[in-house]
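Contents: one structure, followed by commentary.
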Amino acid sequence: MSSSSVIAASGLTFAWPDGTPALSNLDLLVGPGRSGLVGTNGAGKSTLLRLVAGELQPTSGHVTVAGEVGYLPQDLTLDVDQPVEDFLGIGAVRRAIRAVEGGDADPVHFDTIGDAWDVEDRAEAELARLGLPTDVLDRRLGQLSGGEVTELGLARLLLRRPDVLLLDEPTNNLDTAAKERLYDVVDGWSRSLLVVSHDRELLERMDRIGDLRDGRVRWYGGGYSSYAEQVATEQDAARQAVSTAKADLRKQRNERIEAERKIASRTRLAKKAEATTGLGKAAINAKKQQAEESSARLRRVHDDRSDQARDRLGAAEARLRDDREIRIDLPGTEVPRGRLVLEGELPINGPDRVALVGPNGSGKTTLLTSLVEQARVPVGLLPQRLDVLDRDDTVFGNVARRAPGAEPNEVRARLARFLFRGSAADRKVGDLSGGERFRATLAALLLADPAPQLLLLDEPTNNLDFASYDALVSALASYRGALVVASHDPAFLEDIGVDRVVDLSPTP
């Protein structure tokens, strides 16, 4: 490992059990300080973090880290009955301290405590730093909201003070206040950090941004705005290069056509001369061979020029980014104006768009779940944890099961709209990235029979790369049903054009 790097990978390759490659022969150096990692969904960002953390073993190649690693995954796997103190890794010490304070002098308790007599004070300080109440130590995980669980996972890492901190989409599920506290933690982090995120404000705090694309990481100095400016400049140059290369290819094709015209003209003149000159057969054959060789050389010259022009065009097009589009304009989702879609605590008439806002723990997810039973039309719920699909079944299998009347080829054609083309539709859900799982879940909901005329979305921008975010906004712009969205992202709510906002913040 280079003395100037904290993470180094060489020839790093990883494939899932079904043989699907996630990373291939990746070389990577991550320097000290704060580094962000971006890229399209499915590029392998989360897989790379898991390899660095040691949660996955490379198929080939190796990865090394300078010091202890702390890793916060995108989706924490939780035992809802586990005490918070045990999740934080301090439960045994707290219980031993309580036993000693209660008069139990068993040496086992002192061995358990060691030098950690202040563990509760340190835990409470970290919890307060992240906005969690101290009494959370006496709860169980199932009593916490998604955002609180994320904060708790971060608190567990901060108590350990690892040399290298790995964060995978840490602002997912966090409300505005919780995000600000996370930003403060990042600003004050004095050790090394590698964060996978699409949160522009978080990425602005990075020393450098790595873009994982086509199996390689390219580094850009500065935070998000610097990265975006550099990429925009590159894309302007790439588009100009494509335009120039296309013009050159057209020129070469036209010159080849003109050359063929000249060759055909010479051939006609040669045949006419052959008939009138009276030359012997040997002389005629010699001239004919000379003409054919001259024509062949001319064709080779133009073919070489055309091949070079095509190569230049291919190289220029390879530098252009693939901004993929999700299309979900489904007529079956249309709701007429004035039709009662939802009754009860949140009445909706027609294709209204309602935003649910409020801090973590204010009941947004609970309300969305209850609305399913109150719907007067077919309904689809996109949950925050994206756990409605069978992880052991394929994307195609999950979607086809929800539309039993559809022909297999029709299902595959519709899945292509969600970027699951060809063999991509046959991947197991459990092997998908967060963004890919989002698209698969959205496809299963919208391609169901009957199609949902009420769509309930719980933090839908979690895990989305920049292009997928734009595509989702565009897709929802053409969705014809009613929409209820719980989100901490005010820019997203503005982009999709909500009609009204319901604030679930507790009354002071």
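Note that these values count all heavy atoms, side chains included, but never hydrogens, waters or copies made by symmetry. Keep in mind it's a predicted model, so treat the numbers as computed, not measured.
Pairing each heavy atom of Lys45 with each of Gly39, the nearest pair is NZ-O, 3.1 Å. Closest of all the heavy-atom pairs between Ala403 and Leu447 is CB-O, 3.5 Å. Asn398 and Arg401 get closest at one heavy-atom pair: OD1-NH2, 3.1 Å. Minimum interatomic distance between Pro378 and Ala451 (heavy atoms only, all atoms of both residues): CB-O, 3.4 Å. The minimum heavy-atom distance linking Ile348 with Ala482 is given by the pair CG2-CB, 4.1 Å. Of all the heavy atoms in Gly481 and Val335, the pair that sits closest is CA-CG2, 3.9 Å.
Judged purely by distance below 3.5 Å, without hydrogens or angles, the side chains of Asp18 and Thr20 pair a donor atom with an acceptor atom. With hydrogens and angles left out, the side-chain atoms of Asp458 and Thr365 include a donor and acceptor closer than 3.5 Å. For the residue pair Asp503 and Ser505, a side-chain donor N or O sits within less than 3.5 Å of a side-chain acceptor on the partner. Counting only N and O atoms by type, the side chains of Asp495 and Tyr469 include a donor and acceptor under 3.5 Å apart.
Surrounding CZ of Arg391 are at most 12 heavy atoms belonging to other residues, nucleotides or ligands under 6.0 Å away. Residue-environment remark: CD (Glu68) exceeds the threshold of 12 foreign heavy atoms within 6.0 Å. Counting non-hydrogen atoms of other residues, nucleotides and ligands closer than 6.0 Å to CG of Asp214 gives a total of 12 or fewer. Few gaps surround CD on Gln143; more than 12 heavy atoms of other groups in view lie less than 6.0 Å from it.
Atom CG in Leu23 sits 6.5 Å away from atom CG in Leu212 (nearest 0.5 Å). Distance check: Arg161 CZ to Trp189 CH2 gives 5.0 Å after rounding to the nearest 0.5 Å. The structure places OG1 of Thr59 at 10.0 Å from CD of Gln57, a figure rounded to the nearest 0.5 Å. One distance of note links CG of Leu456 with CG of Leu356; it measures 9.0 Å at 0.5 Å rounding. In this structure, Leu154 CG and Leu167 CG are separated by 6.5 Å, a value rounded to the nearest 0.5 Å. One finds the CG atom of Asn462 at 7.5 Å from the OG1 atom of Thr171 (value rounded to the nearest 0.5 Å).
A cation-pi arrangement, defined by a distance under 6.0 Å to the six-membered ring centre and an angle within 45 degrees of its axis, is absent between Arg427 and Phe420. Under a cutoff of 6.0 Å and an axis angle of 45°, Arg50 and Tyr71 do not form a cation-pi pair.
The existence of a salt bridge linking Arg412 and Asp426 is confirmed by a sub-4.0 Å separation between a basic side-chain nitrogen and an acidic carboxylate oxygen.
The list of salt bridge (Lys or Arg N to Asp or Glu O under 4.0 Å) pairs with a residue in residues 367-380, not counting sequence neighbours, reads Glu343-Arg376. Counting only residues at least two apart or in different chains, ring pair (Phe, Tyr, Trp, His ring centres under 6.0 Å) contacts with residues 11-63 comprise Phe14-Trp16. For the salt bridge (Lys or Arg N to Asp or Glu O under 4.0 Å) condition, the pairs that include at least one residue of residues 169-186, sequence neighbours left out, are Glu151-Arg181.
Using a 4.5 Å cut-off on side-chain heavy atoms (C-beta onward), Thr394 and Val429 make no contact. The shortest side-chain heavy-atom distance between Pro460 and Leu472 falls under the 4.5 Å cut-off. Between Trp219 and Leu29 there is no side-chain heavy-atom pair separated by less than 4.5 Å. You'll find the side chain of Pro58 reaches within 4.5 Å of the side chain of Leu51, heavy atoms only. Side-chain atoms of Leu166 and Val164, non-hydrogen and from C-beta on, do get closer than 4.5 Å to each other. Side chains of Leu389 and Arg402 form a contact here, defined as non-hydrogen atoms less than 4.5 Å apart. Within the 4.5 Å cutoff, no side-chain heavy atoms of Pro452 are placed close to those of Val379. Looking at Arg339 and Val377, their side chains come closer than 4.5 Å, going by heavy atoms from C-beta outward.
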Check against side-chain contact (heavy atoms from CB on, under 4.5 Å), Leu432 and Val395:
CA-CA 9 Å; Leu432 302 178; Val395 175; 3.8 Å; yes
Tell me, with the steps shown, if Leu130 and Leu158 meet side-chain contact (heavy atoms from CB on, under 4.5 Å).
CA-CA 10 Å; Leu130 293 170; Leu158 296 178; 4.2 Å; yes
Does the side-chain contact (heavy atoms from CB on, under 4.5 Å) test come out yes or no for Leu37 and Leu194, once each step is laid out?
CA-CA 7 Å; Leu37 186 64; Leu194 177 60; 4.3 Å; yes
Carefully, step by step, assess Asp393 and Lys428 under the rule salt bridge (charged side-chain N to carboxylate O under 4.0 Å, His left out).
CA-CA 5 Å; Asp393 198 358; Lys428 287 187 176 181; over 6 Å; no
Passes salt bridge (charged side-chain N to carboxylate O under 4.0 Å, His left out), Asp163 versus Arg191? Steps please.
CA-CA 6 Å; Asp163 300 292; Arg191 303 186 182 190; 3.7 Å; yes
Is there a side-chain contact (heavy atoms from CB on, under 4.5 Å) between Val354 and Leu483? Walk through the geometry before answering.
CA-CA 6 Å; Val354 180; Leu483 197 61; over 6 Å; no
Can you list the steps and then say if Glu204 with Arg200 is a salt bridge (charged side-chain N to carboxylate O under 4.0 Å, His left out)?
CA-CA 6 Å; Glu204 198 64 65; Arg200 290 165 171 81; over 6 Å; no
Determine, step by step, whether Glu234 and Arg218 satisfy the salt bridge (charged side-chain N to carboxylate O under 4.0 Å, His left out) criterion, reporting the C-alpha distance in whole Å, the side-chain angles of both residues, the deciding distance to 0.1 Å, and the verdict.
CA-CA 13 Å; Glu234 289 177 352; Arg218 180 172 180 184; 2.9 Å; yes
Derivation of the side chain to side chain donor-acceptor pair (under 3.5 Å) call for Glu229 and Ser225
CA-CA 6 Å; Glu229 183 178 348; Ser225 58; over 6 Å; no
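For Arg156 (side chain) and Leu152 (main-chain N/O), no donor-acceptor pair under 3.5 Å exists by modelled atom type. Under the 3.5 Å distance criterion, the side-chain polar atoms of Ser5 are left unmatched by any main-chain donor or acceptor of Ala8. Looking at Arg205, its side chain never comes within 3.5 Å of a backbone N or O of Gly223 through a donor-acceptor pair. Ser35 contributes no side-chain N or O that, together with a main-chain N or O of Arg208, makes up a donor-acceptor pair within less than 3.5 Å. Side chain of Ser226 to backbone of Gly221: a donor-acceptor contact under 3.5 angstrom is found. Within the 3.5 Å criterion, the main-chain N or O of Ser487 finds no donor-acceptor partner in the side chain of Lys364.
Ring to ring, Phe418 and Phe438 are not that close: their centroids are 6.0 angstrom or more apart.
Under the 30°/60° scheme for interplanar angles, the aromatic rings of Tyr227 and Tyr220 are found to stand perpendicular.
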